[in-house]
Amino acid sequence: MTVLLQIEDLVKRFGGLTATDHASLSVRRGEVHALIGPNGAGKTTLLHQISGAIASDSGRVLFDNADITPLGLHRRVLGGLARSYQITSVFKRLSVLDNLALAVLARSGSSLRFWARARDERTRYDEAAAVATRVGLGERLDVLAGALSHGAQRQLEVGLALATRPKLLLLDEPMAGMGPDESQRMVALLQGLRREVTILLVEHDMDAVFRLADRISTLVAGKVIASGSPQEIREHTEVRRAYLGDEQLLEATR
């Protein structure tokens with residue numbers, strides 16, 4: 001399996017705080033790769049660096065055989081790298097369909113000044129409707145995003161990322177704030193997507209992580225201390241000591 005994403009020695013400092021400290025990992029094409037670690041470990045900062053939302057102080061990001069370190073967020077999205085956020089970021093006053101149509105427009109480079117005319121371009125709306133169906137919202141196209149449940153808004157956010165036709169999907173705690181039923185729906189959605197897109201997933205729900213991930217990396221104090229299969233991470237002494245704890249880790253992987 002070839003490497004799609006390689007990050008090398010990424011460093012980000014905020015004043016005297018080192019958020020990521022020479023973090024390195026690789027994500028193979030076609031896998032679900034989970035990034036775990038305690039609160040404050042630097043996971044979200046690392047996703048920001050990978051996505052281009054913030055610039056690194058040093059290090060490199062290699063994606064699909066190209067060095068994308070100098071590129072900003074928009075250029076990375078156009079190159080096939082898309083992400084969702086811890087906090088839902090949908091247009092709450094627009095319908096599900098219009099939210100997704102905007103994402104399709106952004107990918108195609110169309111100017112939003114021509115939004116009224118773009119509404120008549122049925123091929124884009126057809127694509128948006130297909131994405132809605134893919135994330136389980138095909139029956140709710142005309143519902144305002146703000147009227148959706150929290151779980152459904154997270155599904156829509158995944159759809160917004162999918163509408164950009166990514167090669168790699170970065171997901172930042174997609175199960176955050178969900179109840180058990182919503183979490184199960186999200187896990188089922190991501191299990192289905194693994195056949196279509198490579199996923200790098202940050203998640204605190206250890207049950208979901210060990211159900212979904214082909215490989216797992218553990219970040220502690222800005223450093224990647226271990227990467228490997230779920231079994232290898234489950235048995236890794238330093239991971240247990242630094243983050244999970246024997247009882248929590250064993251319970252999560254039963």
Side-chain angles (χ1 to χ4, degrees), residues 4-5 7 10 12 14 17 19-20 23 25-27 31-56 61 63 68 72-74 76-77 79-92 99 103 106 135 145 148-164 166-179 182-183 185-191 193-194 196-224 227 243 252:
L4 178 62
L5 174 74
I7 64 171
L10 288 188
K12 185 62 186 179
F14 299 97
L17 172 67
T20 55
L25 62 82
S26 62
V27 178
E31 75 175 355
V32 176
H33 192 120
L35 180 64
I36 65 173
N39 290 329
K43 301 183 300 296
T44 294
T45 297
L46 188 57
L47 284 194
H48 283 322
Q49 291 172 270
I50 294 170
S51 69
I54 61 174
S56 300
V61 180
F63 178 64
I68 64 170
L73 188 149
H74 181 64
R76 296 188 192 194
V77 170
L81 201 162
R83 69 165 295 178
S84 72
Y85 292 82
Q86 281 179 308
I87 301 172
T88 52
S89 53
V90 298
F91 296 99
K92 294 188 176 183
N99 265 271
V135 298
L148 297 172
S149 68
H150 174 71
Q153 286 188 30
R154 300 302 301 224
Q155 290 170 248
L156 175 57
E157 191 174 46
V158 172
L160 294 176
L162 288 177
T164 68
K167 299 172 186 175
L168 175 63
L169 184 59
L170 306 175
L171 299 177
D172 194 358
E173 297 191 33
M175 268 72 82
M178 288 187 179
E182 291 178 323
S183 293
R185 284 194 290 272
M186 180 60 73
V187 168
L189 170 59
L190 298 182
Q191 285 175 328
L193 291 179
R194 70 189 308 147
E196 305 170 21
V197 62
T198 304
I199 297 173
L200 177 58
L201 166 75
V202 168
E203 183 54 57
H204 281 290
D205 184 333
M206 288 298 100
D207 181 65
V209 165
F210 281 92
R211 287 175 61 188
L212 287 167
D214 299 298
R215 288 197 305 143
I216 300 171
S217 293
T218 305
L219 191 71
V220 175
K223 297 178 180 287
V224 177
S227 291
Y243 174 41

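Position 1 is the first residue of the sequence; numbering continues from there.
Within the structure, salt bridge (charged side-chain N to carboxylate O under 4.0 Å, His left out) pairs that include any residue of residues 31-42 comprise Glu31-Arg215 (at least two apart or interchain).
You'll find the side chain of Val202 stays beyond 4.5 Å of the side chain of Leu219, heavy atoms only. Residues Leu47 and Leu200 meet the side-chain proximity criterion, which asks for heavy atoms closer than 4.5 Å. Within the 4.5 Å cutoff, no side-chain heavy atoms of Leu148 are placed close to those of Val90. Within the 4.5 Å cutoff, side-chain heavy atoms of Leu162 are placed close to those of Val135. You'll find the side chain of His48 reaches within 4.5 Å of the side chain of Arg83, heavy atoms only. Two residues are said to be in side-chain contact when any heavy atoms from C-beta on lie closer than 4.5 Å; Ile199 and Leu212 fail this criterion. Annotation: side chain of Leu170 is in contact with side chain of Leu81 (closest heavy-atom distance under 4.5 Å). Looking at Glu203 and Ile36, their side chains never come closer than 4.5 Å, going by heavy atoms from C-beta outward.
Side chain of His33 to main chain of Thr198: no donor-acceptor pair is present (N/O by atom type, distance under 3.5 Å, no hydrogens or angles). Without hydrogens or angle criteria, Asn99 side chain to Phe91 main chain gives a donor-acceptor distance under 3.5 Å. Within the 3.5 Å criterion, the main-chain N or O of Ala53 finds no donor-acceptor partner in the side chain of Arg76.
Contact record, Pro174 with Arg154: CA-NH2, 3.6 Å, taken as the closest heavy-atom pair. Between Met178 and Ser183, the shortest heavy-atom distance links the atoms CB-OG, 3.5 Å. Across every non-hydrogen atom of Ala208 and Met175, the tightest pair is CB-CE, 3.4 Å. Nearest heavy atoms, Ala82 versus Ala161: CB-O, 3.9 Å.
Checked against side chain to side chain donor-acceptor pair (under 3.5 Å), Lys12 has no partners two or more places apart in sequence or in another chain. Residues meeting the side chain to side chain donor-acceptor pair (under 3.5 Å) test with Gln49, sequence neighbours left out: Thr20, Ser56. Taking the side-chain contact (heavy atoms from CB on, under 4.5 Å) definition, one finds that Val77 meets it with Leu73, Thr164, sequence neighbours left out. For Asp205, the side chain to side chain donor-acceptor pair (under 3.5 Å) test picks out no residue, with sequence neighbours left out. Not counting sequence neighbours, Thr45 has no partner by the side chain to side chain donor-acceptor pair (under 3.5 Å) test.
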